Structures are given as structure tokens and as C-alpha cells.
Amino acid sequence: MIEFINVDKVYKNNVKALDNINISINQGEFVAIIGLSGAGKSTLLRCINRMHEITSGQLMVNDTNVSKLKGKEVRTFRRKIGMIFQSFNLVTRTTVLNNVLVSFVPDLSLFRKWTGIFAYEHKVKALSALDKVGILDKAFVRVDQLSGGQQQRVALARTLAQNPDIILADEPIASLDPITSKQVMEDFKIINRDMNITVLMNIHHVEVALEYADRIIGVREGKVVYDGKASEVTEAV
Ligand code: ADP
Ligand code: ADP
């Protein structure tokens, strides 16, 4: 459960990116957030995992008051929330499997030391996550040999390996062609449905949002201007 109660976010330059946001999202929902560039979509997502801090109001994620988390608690909290970016954020010069295994490393500076000694259990989890998104056969291929769609699936597998409750996806298909986009959206849908993972996705392709999401939240100038079932959207939001 994700709950925004009267949430404002004002950046240091005085830009009010979120203006009195009230939203409640249940476990297992697939929500698309739509709106023009600069509307506040990214900020909204990034407050949920504390990449940004809210300025006022209250933000609850599974009974955790996000603003109250301190130091190490933030890292533990984030392990249950996967984040997917437009740019995939992978290490392209190493294998697909290594990129997934990195989700088990507590501190990235230790990665070199860790590569040789990943627990059997971690490798099994990583491989099964790759299987889930249909790229198990690419496990030992270097990431830079893959297409954009395949790379986004690696990012998705890396997130899945952590057993997240929630996946936040910030324009995950923005740099993909229409066919690949559909395949990636299918993966999100399967993960959402089969694993009951809440998916919260910023997306500017409204038609794609309507096709895959259960619920649409429209954001404009930091405010929620639409919130309803995807199946009930009749006019352009
Ligand atoms: P969207 O994701 O809908 O494009 P953003 O959340 O990125 O919108 O941005 C909302 C507003 O906040 C915009 O006016 C943007 O310029 C501003 N903004 C975003 N990030 C920052 C930041 N780190 N510092 C200052 N202003 C920011
Ligand atoms: P090399 O080119 O000799 O492999 P690198 O500097 O590229 O050396 O990285 C060393 C190892 O650590 C590589 O396996 C690299 O891919 C891995 N690594 C470092 N950071 C990450 C990360 N964020 N995700 C995945 N692998 C990483």
C-alpha cells in the first residue's frame, strides 16, 4: 500500500513539483502516471523510495512513514522497491548474469571481490529472474550485445531478484521502438499479475498506458487532475 496524504514537494529552487497530492494505491495494482514533461511524474515516483524527500504531508509505504526513515533504514526499505529507468542503468561491459547478481551486493564498491563468490542461492534467484522475463538464454552474454528491449528486461530481472513489493518504472519504454515496447510492457503485466507486485509507471504513451495499466493517474503542474480505471477513460486526459 502506498499512500500520499496532502503531499507537497518544493525543490530548493522553489519549484513546487508536487502540490497537495492525495493518492492511495493498493498492493498489486498496475498504475500508469501520465502527464506532460515537467508535470511532476518523476518527482512523484522518486519520493516513494526516498530518492527525493517530500516537503510536507505524509507518505506511507506498507506502514512505513517514509520521511521518518534514518540512515541504514533507507537502504533496507529500498530493497523492497525496485526502480526501472529509461536508460536501463546497466553495466554494459559485463554479463547479463553479473548485472542481476549485483542486486545482492550490499555495497557496489565490493562488486569485484564478490563476483567470484556469489552464493549458489543467489545465482539460482538471478537465473530464475532472467527466466521470468524470457532471457535466460542470454545469461552469459555481455549486456552490450543485447537490444534495448533485452537490456530493459535485464534491468527488470535485476529488480525481480530482490523480491520487491513495488516496482517504480520511470519512462521504461521511452527509448524503445513500438514492438519492443509492447514486449517489455507484457513483461511488466505478467510480473504484476503473477507475482502481485505493485507497478507504478510513468509513461507518455497514453494508448500503451490504457492497454496495460488498470488505473490511470493524470498529473498536471504537480496536481492530480485525473484518477480512474483505465477501462473508463473516455476522453484524452
Ligand atoms: P516529469 O517527470 O513529469 O517530467 P519532474 O518531476 O521531472 O516532471 O519535474 C517537475 C518539476 O520539478 C519541473 O518543473 C522540473 O523542472 C522540476 N525539477 C525536477 N527535478 C528537480 C530538481 N532536482 N531540482 C529542481 N527542480 C526540479
Ligand atoms: P573489467 O572491464 O576489467 O571487467 P570493470 O571496471 O568494468 O572491469 O568492472 C569490474 C567488475 O565489476 C566487472 O565485472 C563489472 O562489470 C562489475 N561491476 C561494477 N559495477 C557494477 C554494477 N553496478 N553492476 C554490474 N556489474 C558491475
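Just so you know, these numbers come straight off a predicted model, no measurement behind them. Along the sequence shown, residues carry numbers from 1.
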Taking all atoms of both residues into account, what is the closest heavy-atom pair of [X] and [Y], and its distance?
| X | Y | value |
| --- | --- | --- |
| D227 | V224 | CB-CG1, 4.2 Å |
| A126 | V100 | CB-CG1, 3.6 Å |
| P164 | L160 | CD-O, 3.7 Å |
| A230 | A213 | CB-O, 3.2 Å |
| A161 | A129 | N-CB, 4.1 Å |
| A157 | V133 | CB-CG2, 4.0 Å |

Atom pair [atom1] ([X]) and [atom2] ([Y]), whose distance is rounded to the nearest 0.5 Å:
| X | Y | atom1 | atom2 | value |
| --- | --- | --- | --- | --- |
| I216 | I203 | CD1 | CD1 | 8.5 Å |
| D137 | Q150 | CG | CD | 8.0 Å |
| R215 | Y226 | CZ | OH | 10.5 Å |
| L168 | F85 | CG | CZ | 9.0 Å |
| I217 | L44 | CD1 | CG | 7.0 Å |
| M201 | I173 | CE | CD1 | 7.0 Å |

Okay, side chain of [X], backbone of [Y]: is any donor-acceptor separation there less than 3.5 Å?
| X | Y | value |
| --- | --- | --- |
| N49 | I81 | no |
| N62 | M1 | yes |
| Q152 | P172 | yes |
| S181 | D177 | yes |
| N202 | E171 | no |
| N65 | M60 | no |
| T198 | G28 | yes |
| N99 | V91 | yes |
| E73 | K70 | yes |
| K41 | G35 | yes |

Are the side chains of [Y] and [X] in contact, using a 4.5 Å heavy-atom criterion?
| X | Y | value |
| --- | --- | --- |
| V154 | F88 | no |
| E221 | K16 | no |
| V143 | T94 | no |
| L130 | K138 | no |
| L127 | L136 | yes |
| Q86 | D170 | no |
| L59 | E3 | no |
| I167 | L200 | no |

Under the side chain to side chain contact (heavy atoms under 4.5 Å, CB included) rule, what do R50 and R78 come out as? Steps first, then yes or no, please. CA-CA 8 Å; R50 264 277 291 269; R78 284 199 184 129; 4.0 Å; yes
Should K189 and F30 be marked as a side chain to side chain contact (heavy atoms under 4.5 Å, CB included) after you check the CA-CA gap, both sets of side-chain angles, and the distance that decides it? CA-CA 8 Å; K189 190 73 208 164; F30 190 142; 4.1 Å; yes
For Q183 and T180, does a side-chain donor sit closer than 3.5 Å to a side-chain acceptor?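 Their side chains do not contain a donor-acceptor pair, so the 3.5 Å distance test is not met.
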Do you reckon [X] sits in the same ILVMFWY cluster as [Y], going by side-chain contacts under 4.5 Å, direct or chained?
| X | Y | value |
| --- | --- | --- |
| L176 | V206 | yes |
| F188 | I34 | yes |
| I33 | I84 | no |
| I191 | I25 | no |
| M83 | V184 | no |

Identify, with sequence neighbours excluded, every residue that meets ring-ring contact (aromatic ring centres under 6.0 Å, His included) alongside H52. Y11
Looking at K223, K9, R220, which one forms a salt bridge (charged side-chain N to carboxylate O under 4.0 Å, His left out) with D19? K223
side-chain contact (heavy atoms from CB on, under 4.5 Å) partner of D194, the single match among N192, N196, I197, I190: I190
Apply the side-chain contact (heavy atoms from CB on, under 4.5 Å) test between R158 and each candidate in V96, L101, N89; give the one that qualifies.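 Exactly one option meets the side-chain contact (heavy atoms from CB on, under 4.5 Å) with R158, and it is N89.
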Test salt bridge (Lys or Arg N to Asp or Glu O under 4.0 Å) applied to K132 and D187, step by step: CA-CA 8 Å; K132 192 84 201 165; D187 285 335; over 6 Å; no
L36 atom CG, neighbour heavy-atom count above 12 within 6.0 Å: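 No, not enclosed.
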Is K80 atom NZ crowded by more than 12 heavy atoms from other residues, nucleotides or ligands, each under 6.0 Å away?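 Result for NZ/K80: enclosed.
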Taking it one step at a time, do D8 and T55 satisfy side-chain hydrogen bond (donor to acceptor under 3.5 Å, both in side chains)? CA-CA 6 Å; D8 286 353; T55 309; over 6 Å; no
Any salt bridge (charged side-chain N to carboxylate O under 4.0 Å, His left out) involving residues 143-152? Give me the pairs, sequence neighbours left out, ordered by first then second residue. R142-D144
Apply side chain to side chain contact (heavy atoms under 4.5 Å, CB included) to residues Q151 and S147 and explain how you reach the verdict. CA-CA 6 Å; Q151 292 193 29; S147 68; over 6 Å; no
Does V66 form a side chain to side chain contact (heavy atoms under 4.5 Å, CB included) with I48? I'd like the steps, not just the answer. CA-CA 7 Å; V66 178; I48 295 171; over 6 Å; no
Please step through salt bridge (Lys or Arg N to Asp or Glu O under 4.0 Å) for the pair K229 and D214, ending with a clear verdict. CA-CA 6 Å; K229 284 187 184 157; D214 305 320; over 6 Å; no
